[in-house]
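Worksheet: the structure to be examined is printed underneath.
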Protein chains: 2
Amino acid sequence: MKRLTKVEEQIMQVIWKSERCLVRDIIDSLGDPKTPHSTISSVVRILEKKGYVGHKAYGRTYEYFPLIAKEDYFKQTIKGLVKDYFGGSVQRLVSFLAKENELDMSELSEIIQEIDKIEKEEQDD
Amino acid sequence: MKRLTKVEEQIMQVIWKSERCLVRDIIDSLGDPKTPHSTISSVVRILEKKGYVGHKAYGRTYEYFPLIAKEDYFKQTIKGLVKDYFGGSVQRLVSFLAKENELDMSELSEIIQEIDKIEKEEQDD
DNA sequence: ACCCCATAACGTAAAAATACGCTATAAAAT
DNA sequence: ATTTTATAGCGTATTTTTACGTTATGGGGT
C-alpha cells in the first residue's frame, strides 16, 4: 500500500465520500479554480494503477469506487506516524494530544464511557 | 511548512534524533544498503532550501541541525489528518483508536491520572 | 440520421523528488 | 611534505508527480 501524494489523497477523499463518483464529481468537489478534466483523469488513472480505485464503465462514462477503505488507509498512516514519532506507543500519542490541550478530561471520560458501554454489550452476547 | 516526502522524512528523523549530525551519520543510521553520500547530501540540501535544517561549517565538514522541531512537524501533520479523517475532532480520533483496540481502558486511565497530576501541579503555582 | 456535448484515454510537458558520478578540498596519516 | 581519506557541492540523470491539449467516441437532443 503505497503512500499517497497530496493531490492523490485529496482526490481519494472525494472518492471515499461519494457513492457514485465520476471525474466530473471530483472536479466539482475540489472547488475553484477548476482543475482541467484531463488533469484529474490522469491522477485517477494513477490511483487505479496503484490499486486504490476501480471503475465500472457505463459506455464512455466511468464510475470510480475505492478499493482500499478510507479507514484502512488511515490506520496504516497513523500506525506509521506512531512508530516514527512515539516509538510505536499509541498511549504516548494520546497522552501527547491531551498535554497539547487537544483533548480535555471530559472528552477522555466520554470516550471511556463509550468503550465501557461497548464492552458491556459484548459481554451480553 | 511544506509536507515532507518519504525520503526527506526519513532523513529528518535522523537529524531530529542526533545531536551532531553529518551526512555520514545519516548514511550510517539509515542502515544497509548504504545510500551513496551524494544522494543523501542532495536531499539534505533540499531540506535546507525548504527551511527544515540549517548547518554550521567546520572547514569542509557540515554539521546539520533542525530548524523545525519534530514536535511541531508532527503537530501539523496530525492536525491535517484529524481534519481529513475525523472532521477535525481529536476526540473522534482517540475514540477510533480505542475501538480498534489500539488503546485499552487501563491505558486511558493512566493518561487521565497523568493529566490530573499535571493539572494539580498547575493549581499549586 | 445527424449534430452537439460530455467524457475517457493518450501522449506528453513541466515540475518535483530521488539518485549518483565526479571534482575539489580540508584534514589526517605517513 | 606527500599521500590518503573523507567530505561537500555541483551538475545531471532518472523517476515520479502534477498538469493539460488533443482526439475519439458514446449518448442525448433535434
Side-chain angles (χ1 to χ4, degrees), chain A residues 1-15 18-68 73 77 80 84, chain B residues 1-15 18-68 73 77 80 84:
Chain A
M1 192 146 95
K2 212 166 172 296
R3 153 169 160 166
L4 297 174
T5 64
K6 196 163 163 298
V7 174
E8 283 166 0
E9 187 166 350
Q10 276 174 10
I11 291 178
M12 277 310 294
Q13 290 289 350
V14 178
I15 296 175
S18 47
E19 290 297 304
R20 196 171 153 282
C21 187
L22 316 180
V23 171
R24 167 112 322 258
D25 300 321
I26 298 172
I27 296 167
D28 293 343
S29 293
L30 257 32
D32 295 300
K34 300 285 185 214
T35 311
H37 189 285
S38 52
T39 301
I40 303 292
S41 162
S42 180
V43 176
V44 175
R45 268 180 288 137
I46 289 167
L47 283 169
E48 188 156 23
K49 203 166 63 188
K50 286 189 180 177
Y52 275 82
V53 307
H55 77 263
K56 210 165 132 186
Y58 295 96
R60 275 262 131 187
T61 303
Y62 280 32
E63 180 185 312
Y64 291 97
F65 52 85
L67 289 178
I68 290 181
Y73 181 71
T77 304
D84 291 342
Chain B
M1 193 146 94
K2 214 167 173 298
R3 156 169 160 167
L4 297 173
T5 63
K6 196 163 162 298
V7 174
E8 284 166 359
E9 187 166 349
Q10 276 174 9
I11 290 178
M12 278 309 294
Q13 289 289 351
V14 178
I15 295 175
S18 47
E19 290 298 303
R20 196 172 154 280
C21 188
L22 317 179
V23 172
R24 166 111 323 258
D25 300 322
I26 299 170
I27 297 166
D28 293 343
S29 294
L30 258 32
D32 295 300
K34 300 285 185 212
T35 311
H37 189 285
S38 52
T39 300
I40 303 293
S41 163
S42 181
V43 176
V44 175
R45 270 180 288 139
I46 289 168
L47 283 170
E48 189 156 22
K49 203 166 65 186
K50 286 190 180 176
Y52 275 83
V53 306
H55 77 264
K56 210 166 132 186
Y58 296 97
R60 276 261 131 189
T61 303
Y62 280 32
E63 180 184 313
Y64 292 97
F65 51 86
L67 289 177
I68 290 181
Y73 181 72
T77 304
D84 291 342

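Keep in mind that what you see is a predicted model, and the values were worked out from it rather than measured.
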Under-4.0 Å salt bridge between Lys50(A) and Glu8(A) = yes
Report, as yes or no, whether the 6.0 Å neighbourhood of atom NZ on Lys6(B) holds more than 12 heavy atoms from other residues, nucleotides or ligands.
-> no
Quick one: on DNA chain D, does Ser42(A) or Gly59(A) contact a more 5' nucleotide (nearest heavy atom)?
-> Ser42(A)
In whole angstrom, give the distance that lies between atom [atom1] of [X] and atom [atom2] of [N].
X	N	atom1	atom2	value
Leu30(B)	dC20(C)	CG	C1'	16 Å
Asp25(B)	dA8(D)	CG	C1'	14 Å
Arg45(B)	dT7(D)	CZ	P	15 Å
Ile46(A)	dA19(D)	CD1	P	11 Å
Ile40(B)	dA17(C)	CD1	C1'	13 Å
Glu63(A)	dT7(C)	CD	C1'	14 Å
Lys6(A)	dT17(D)	NZ	C1'	12 Å
Leu4(B)	dT18(C)	CG	P	10 Å

Answer with base, sugar-phosphate or nothing: what part of the nucleic acid does [X] contact at a heavy-atom distance below 4.0 Å?
X	answer
Leu22(B)	nothing
Lys49(A)	nothing
Arg24(B)	sugar-phosphate
Val43(A)	nothing

Check this one for me: any side-chain N or O of [X] less than 4.0 Å away from OP1 or OP2 of [N]?
X	N	value
Tyr58(B)	dA8(D)	no
Thr61(A)	dG27(D)	no
Thr5(A)	dT18(D)	yes
His37(A)	dA8(C)	yes
Lys2(B)	dA16(C)	no

Is there side-chain contact between Gln10(B) and Val43(B), with heavy atoms separated by less than 4.5 Å?
-> no
Do the side chain of Ser29(B) and the main chain of Asp25(B) share a donor and acceptor less than 3.5 angstrom apart?
-> yes
Where the side chain of [X] is defined as all heavy atoms beyond and including C-beta, which of [options] is the nearest nucleotide?
X	options	value
Arg60(B)	dC20(D), dC22(C), dA8(D)	dA8(D)
Thr39(A)	dA24(C), dA19(D), dA9(C)	dA19(D)
Tyr64(A)	dA16(C), dC20(C), dA9(C)	dA9(C)
Thr35(B)	dT17(D), dC20(C), dT18(C)	dC20(C)

Any donor-acceptor N or O pair under 3.5 Å, side chains Glu48(A), His55(A) | yes
Shortest non-hydrogen contact from Leu22(A) toward Tyr62(A) = CD2-O, 3.2 Å
Find which nucleotide of DNA chain C each of Lys34(B) and Lys50(B) is nearest to by heavy atoms, and output the residue with the more 5' nucleotide.
-> Lys50(B)
Ignoring hydrogens and angles, are the base of dA8(D) and the side chain of Ser41(B) linked by a donor-acceptor pair under 3.5 Å?
-> no
